[in-house]
Each structure stands twice: as C-alpha cells, then as structure tokens.
Amino acid sequence: MLRAAPRTSSVRRLLRCLPGRDPAPPAGARCQLRGSLPAQCQPPQQPARPMEGAPRLRPLVAVCQVTSTPDKEQNFASCARLVQEAAQRGASLIFLPEGFDYIGEDTAQTLSLAEGLDGDIMTRYSQLARQCQVWLSLGGFHERGQDWAATGRIYNCHVLLDPHGRLVAAYRKTHLCDVELQGRVSLRESSFTNPGTQLLPPVDTPAGKLGLSVCYDLRFPEVSLALRRAGAQLLTYPSAFTFPTGSAHWEVLLRARAIETQCYVVAAAQTGQNHGKRTSFGHAMVVDPWGAVVAQCREGPGLCYAEIDLDYLQQVRSQMPVQGHRRHDLYGTIEAKGLAPAP
C-alpha cells in the first residue's frame, strides 16, 4: 500500500499567523527605505554553508493578509511594514494579495487610480524588494497597459520582483470574475478589465519553480495542471475572495489544486472591510503537496510563514506518480465523438 501521508514534522509545521506590526529596527540595520517609509528592515543574513551530510536548509516563505482600501498611500505603508517584518524573520519570498495596491469603491475610482508598471507604486515596490533583498509576489496590480489610451481598460497583473528589484514576470489574469449571486455578490470584472492572453512558464525562485495565477483562476484546474506540466513546484493564487464565496469554496479549492498537482499552494488574501461596499474573506494560507494546510492567517492583517520542503514534495510525487498516470490520449475527445459540451 502506498504511504505518502505527510510526516509528523510536516504536520507540525503549521506556523501561526503573526499580526502585522512595526518591527523594531535592529542594531546596524542596513535597509533604510526613503520617502514615506520611516521603518527599517534587516536583510536576512546568508546562512553558513552546511557541513557535508547535514540536512539541507529549507527556504521560508511569508504570506501576507491585508485590508486594502482606496487609499494607496495607506495601503503601501501597511504592506511595506509586513514585507519588512517578514524579511527580518528570514523569509526569502514574500507574497502579497490581489489588490495590494488598492481596492476602489466603484469602476470609475478603480480606473482613475490605476498606474503603469513604470509608475510610482511599482517603483516603490522595486525599491522595497531591493533594499530588503527579498523576492516579492505582487498579486493583482491594477495595470494601465500599453493599450490604455485606446481601450480605457486595465489589466489585473501579477508582478514578480527579484531581490534586485527587477521585474522577472508579469502575468495578466486570464479568467475574469463575473459573478452574480442574488442578494449577496455582484461582480463584473470584465466590464473594465482586459483578459490576459497567455500563461507564463514557472519562474525559478529560492523556494522552487513558481507558477503564477490570480484569484478567480483558482476555479480552473486546467491552469494549475498546465503549470504543473511545465515544471511548477509552487502555485500561487493571490486573492480577494468575497465572504460568501470564500466561506464556501476558498480552502477546498486551494487544497484541491495542491492535491491534483502535488505542488505547494500559496495564497495571500484580502481580509475585512475594504470599503463600505465590500468585505473580503481572508484566511491566507499555504497548503503542502499532500493537501495539508501548513500555515494560515487568523482574522485581520498579518503574516503566516511556511517552510518549503522540496524533498518532501518529491517524496509525495514519487510514491503516487499521478502525473505519469494521466491519459492525455483521452482528454478532450468527448466532444469530437459527437457529444455537445455542457453549458
């Protein structure tokens, strides 16, 4: 009988959510952020080279839970404090949720606050990544693309920055959230947002090969399976789930994506009252390749942390080689045999 259940140490690795706070500047801190950022952050020290035969150090990731509002300055200050704290604690890769830059009260405000990738907000985050020497996953930036003047529409753009502050990848959300739950949720993202046109190959990071998605993409397993086939070891779904949809589907979808791909799944989240018309579900979390939740935030803004154990990931995959069992010769053939696709 196959036994790929998570080891006791993996289950114990459920790391608590730490409420966001201004970290005390460490003595001799080398990371002074200019402008509107009075706090300091200490870049993680390079670990000593392990002795031969010693266990390999596992990278630490940090997942942010925030409450964005229409106030971009306030949002940046809050996110920057969380990034600084995570960097001090040794995280090499830090995840921020969809709408980290702002969440507007209506379409007009959302469009008016949008910027290009060369604008002020992204410049500040580039500086933050560089001065804290961390990777930043910025999931869901309201981007004015090159076609802004012609279309008057934006992109929902997941930006990945390296520790030099360089833009490594920009994935534009391909599945737009149009949902009408009578009396509970009414969203029509497609009314002001252009859909992206391609998935991106996974990106090499200190925590493994990272596949990029955004929020509503979570509901489409075809995306996660495509990223897995391309070599992903981590999948990330920065999100702003509403309370009705989050309470019903959030955890089960994240765990399903982890189980079917045998990847770590990392999901930063919006939480609480973003403005008078919107409340977000929260519960930012990390799920391991067996489907166990190994880190999760409580209510309110804060951080949770998880170690990424790629040896364990490989153990799960080798003991249950699901990807090798897939029947690609069968998938997608039902319609070709004369059966109409379901609505």
Side-chain angles (χ1 to χ4, degrees), residues 1-16 47 50-63 90-93 95 135 137 199-213 217-239 249-268 283-296 304-333:
M1 180 177 179
L2 291 174
R3 296 188 179 275
R7 301 159 301 177
T8 304
S9 61
S10 177
V11 175
R12 281 203 304 265
R13 215 178 298 130
L14 177 59
L15 301 176
R16 63 193 177 94
M51 296 178 61
E52 186 175 353
R56 185 173 66 185
L57 293 176
R58 302 187 184 109
L60 185 71
V61 301
V63 188
S92 58
L93 178 56
F95 296 83
W135 287 73
S137 163
L199 303 180
L200 298 185
V203 178
D204 279 312
T205 76
K209 294 181 182 297
L210 179 66
L212 305 182
S213 297
D217 290 331
L218 175 61
R219 295 183 180 273
F220 302 88
E222 296 88 350
V223 175
S224 62
L225 292 172
L227 291 170
R228 168 68 175 88
R229 287 196 300 273
Q233 297 165 310
L234 295 85
L235 302 173
T236 182
Y237 296 96
S239 296
H249 300 151
W250 175 244
E251 181 176 327
V252 69
L253 284 171
L254 292 170
R255 295 182 69 190
R257 297 295 84 84
I259 292 167
E260 70 198 6
T261 63
Q262 298 172 317
C263 288
Y264 280 92
V265 168
V266 183
H283 296 271
M285 68 176 66
V286 181
V287 185
D288 77 10
W290 186 252
V293 177
V294 295
Q296 183 171 181
C304 63
Y305 299 84
E307 293 176 338
I308 303 300
D309 186 345
L310 296 183
D311 290 335
Y312 175 60
L313 176 144
Q314 190 55 45
Q315 175 191 341
V316 170
R317 292 182 177 184
S318 63
Q319 293 188 7
M320 188 179 290
V322 174
Q323 301 306 312
H325 297 156
R326 294 195 177 278
R327 290 292 305 276
H328 296 289
D329 58 316
L330 299 180
Y331 308 147
T333 62

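- Note: Arg317 CZ to Thr261 OG1 = 7.0 Å, rounded to the nearest 0.5 Å.
- In terms of the salt bridge (charged side-chain N to carboxylate O under 4.0 Å, His left out) criterion, residue partners of Arg257 (sequence neighbours excluded) are, by chain and number, Glu260.
- Partner Ile308 forms a side-chain contact (heavy atoms from CB on, under 4.5 Å) with one of Val61, Asp288, Leu313 and no other, that one being Val61.
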| request: Show your working on side-chain contact (heavy atoms from CB on, under 4.5 Å) between Phe95 and Val286 and close with a plain yes or no. | output: CA-CA 11 Å; Phe95 296 83; Val286 181; over 6 Å; no
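- Between Met320 atom CE and Gln315 atom CD the span is 11.5 Å, to the nearest 0.5 Å.
- For the pair Ser213 and Leu227, the minimum side-chain heavy-atom distance is below 4.5 Å.
- Taking CG of Leu60 as the reference point, atom CD of Glu307 lies at 6.5 Å (rounded to 0.5 Å).
- Taking 4.5 Å as the limit, every side-chain heavy atom of Glu251 sits out of range of all side-chain heavy atoms of His283.
- When Leu253, Leu254, Leu212 are each tested for a side-chain contact (heavy atoms from CB on, under 4.5 Å) with Tyr237, only one passes: Leu254.
- Every residue was checked against the ring pair (Phe, Tyr, Trp, His ring centres under 6.0 Å) condition with His325, not counting sequence neighbours, and none meets it.
- In terms of modelled atom types and a separation under 3.5 Å, the side chain of Gln262 and the main chain of Pro289 share no donor-acceptor contact.
- Across every non-hydrogen atom of Ala284 and Cys304, the tightest pair is O-SG, 4.0 Å.
- By the 4.5 Å heavy-atom criterion applied to side chains, Cys263 and Arg228 are counted as neighbours.
- Across all non-hydrogen atoms, the minimal contact from Ala207 to Pro59 is CA-CG, 3.7 Å.
- The salt bridge (Lys or Arg N to Asp or Glu O under 4.0 Å) contacts involving residues 320-333 comprise Arg327-Asp329, where partners must be two or more places apart or lie in separate chains.
- Two residues are said to be in side-chain contact when any heavy atoms from C-beta on lie closer than 4.5 Å; Arg229 and Leu225 meet this criterion.
- Counting only heavy atoms from C-beta outward, the side chains of Val293 and Arg255 approach each other to under 4.5 Å.
- Minimum heavy-atom separation, Val287 to Ala258: CG1-CB, 3.6 Å.
- Although no hydrogens or angles enter the test, the distance criterion places no donor-acceptor pair under 3.5 Å between the side chain of Tyr264 and the main chain of Leu310.
- Residues Ala268 and Trp250 come closest through the heavy atom pair O-CH2, 4.2 Å.
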